[in-house]
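So the structure is just underneath, and the comments pick up after that.
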Protein chains: 2
Amino acid sequence: MSITAAREKFGVFLVRKGLRATSQRLAIFDAAFTLEEHFTADQLLDRARKLDDSVSRATIYRTLPIMTASALLREVDIGSGEKFYRPNRDGATTQVAQVVCVDCEKIFEISAPFMEWYSSTVSSKLGLTPASQRLQVSANCDVFRQSGACPRRG
Amino acid sequence: MSITAAREKFGVFLVRKGLRATSQRLAIFDAAFTLEEHFTADQLLDRARKLDDSVSRATIYRTLPIMTASALLREVDIGSGEKFYRPNRDGATTQVAQVVCVDCEKIFEISAPFMEWYSSTVSSKLGLTPASQRLQVSANCDVFRQSGACPRRG
DNA sequence: CTGCCTGCAAACTCTTTGCACGAAT
DNA sequence: ATTCGTGCAAAGAGTTTGCAGGCAG
C-alpha cells in the first residue's frame, strides 16, 4: 500500500469513528508510515516532531492505539519493557512470527501460516473464540558468537 | 515431580552456582511450588510471607531469575505489564503455547510440538541459533459473550 | 458555544538498584 | 575476615491521566 493510500485510509477511519483528523495525528501517521523498521513510541515521537514540532509524547501514546485499531499499524510486543510498532502495509497479516536476535537487537518477521489454524483449533476446544495470536522466537546470532560482532547490529 | 524432589533439585542448583540456600530463598521456592495457577511476583510475595514473614519484595525479584534459571519455574509473559510464573513440574517443556482468555483472565497451557521445529528451521535460515520460543493466543470466552459472565472467572 | 483534542506535568505500575546491616563460611 | 544475602527505600523505565487551555464544527 502506498503512503498516500494509507493516509487516505487513516483519514476515513478517523471520520468513521467520529474522530478529528488533526495536524498532530496526521504528522504521527506520516512519521510512522515512513519508518521501515520496527520502532518504539520514543522513536516515533522524534520522527513526528520533525514533521510537526507541536507533537507531544502524550499524543503519541494516545494516537498509537487509534492507528493499531485501524489496522494500519501493528503492535509487536517482544517482552522487553517497551513495545514496538510497525506499518502494516500489506493489509491485515496476523500470520507472522517474530524472530528476535538478542545479539543484534533486530526483529525479523517471518510468515507462519499455521498459527491461525492452531489458534482456532485450540481455542474452540476450550470454548473460546481466538482474537489474535503471536509467535516469537528468541535467538542468538551465529556470527556474533564466533567473532564477537554482529554485521546486522546498528 | 514432587515438591520434595523439586526442593532438593533447587538446593543442588544453588550449591552448584555457589549460592546459599537461605531461609528466604527456600520459603520463596516453597511458596512458588505449591501454587497451582500462574502467579505474579506480587502474589508470590504474599504467599512467601506466610511461610517466612521476613521475605521482602526485593528478594522475590532477586530469586525469581534464579528459579527460572534452574528450570524449576517457567516465566510466562503475556504482554500485560506484569510477568507470570508457573512451576515447571514436568521437566523442561518449552513446547507449550499459552491461550489467554481476556474475559476470564485465565491462562491455559497447551502443547504445541511444532514450535521448536519451526523455530529452528526459521532461525537457521537467518544464521541464528534459537534460544526460546513462545506462542500465545488471545481469545474471548464464548459463554461470557452470550451470558455476560464467565464460569471460569475468579 | 460545545465538545473534542492538545501539551504539560504529575501519577502510576512493575521492576531494579544503592546502601548499610547481618549471616554464613 | 571476607563474601554473600538481605530489607528498606529510592530510583528507573515506559506508559497513562488530570487538567486547563485551544481549536474546530
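From a predicted model like this one, the values you see are computed outputs, not experimental measurements. Below, chain A is the first sequence line, B the second, and so on; all start at residue 1. Side-chain atoms are counted along with the backbone in the values below, which use heavy atoms only and exclude waters and symmetry mates.
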Please give, in whole Å, the distance from C:dC8 P to A:Leu45 CG? 10 Å
Parallel, tilted or perpendicular: rings of A:Tyr118 and B:Phe114 (30°, 60°): perpendicular
Round to the nearest Å and state the distance from A:Asp52 atom CG to C:dC5 atom P. 16 Å
Tested for side chain to side chain donor-acceptor pair (under 3.5 Å) against B:Gln98, the lone hit among B:Gln136, B:His38, B:Glu109 is B:Glu109
Using side-chain contact (heavy atoms from CB on, under 4.5 Å), reason through B:Leu64 and B:Glu75 one step at a time and then give a plain yes or no. CA-CA 9 Å; B:Leu64 280 169; B:Glu75 190 181 276; over 6 Å; no
Those residues at least two apart in sequence (or on a different chain) that pass side chain to side chain donor-acceptor pair (under 3.5 Å) with B:Arg145 are B:Asn140
Tell me the interatomic distance from B:Leu19, atom CG, to C:dA23, atom C1', rounded to whole angstroms. 15 Å
Which sits closer to the 5' end of DNA chain D, B:Gly18 or B:Arg49, going by the nucleotide each is nearest to? B:Gly18
B:Leu14 CG - C:dA24 P separation (whole Å): 15 Å
Got a sec, which residues hit side chain to side chain donor-acceptor pair (under 3.5 Å) with B:Arg57, two or more places apart in sequence or on another chain? B:Asp42
Under the criterion side-chain contact (heavy atoms from CB on, under 4.5 Å), I'd like the reasoning laid out for A:Phe10 against A:Ile66: C-alpha separation, chi angles, the key distance, then a yes or no. CA-CA 9 Å; A:Phe10 184 54; A:Ile66 299 175; 4.1 Å; yes
From CD of B:Gln43 over to C1' of C:dC14, roughly how many Å is that when rounded to an integer? 14 Å
Rounded to the nearest Å, what distance is computed from the CG atom of residue B:Leu64 to the P atom of nucleotide C:dC14? 14 Å
Reading nucleotides 11-25 of chain D 5' to 3', which nucleotides get B (base under 4.0 Å from a protein heavy atom), which S (sugar-phosphate only), which -? ---SBBBB-------
B:Arg25 CZ - C:dA24 P separation (whole Å): 13 Å
Give a yes/no on whether any side-chain N or O of A:Thr22 is located under 4.0 angstrom from OP1 or OP2 of C:dT6. yes
Let me know the distance between CD of B:Gln24 and C1' of C:dG22, rounded to the nearest Å. 11 Å
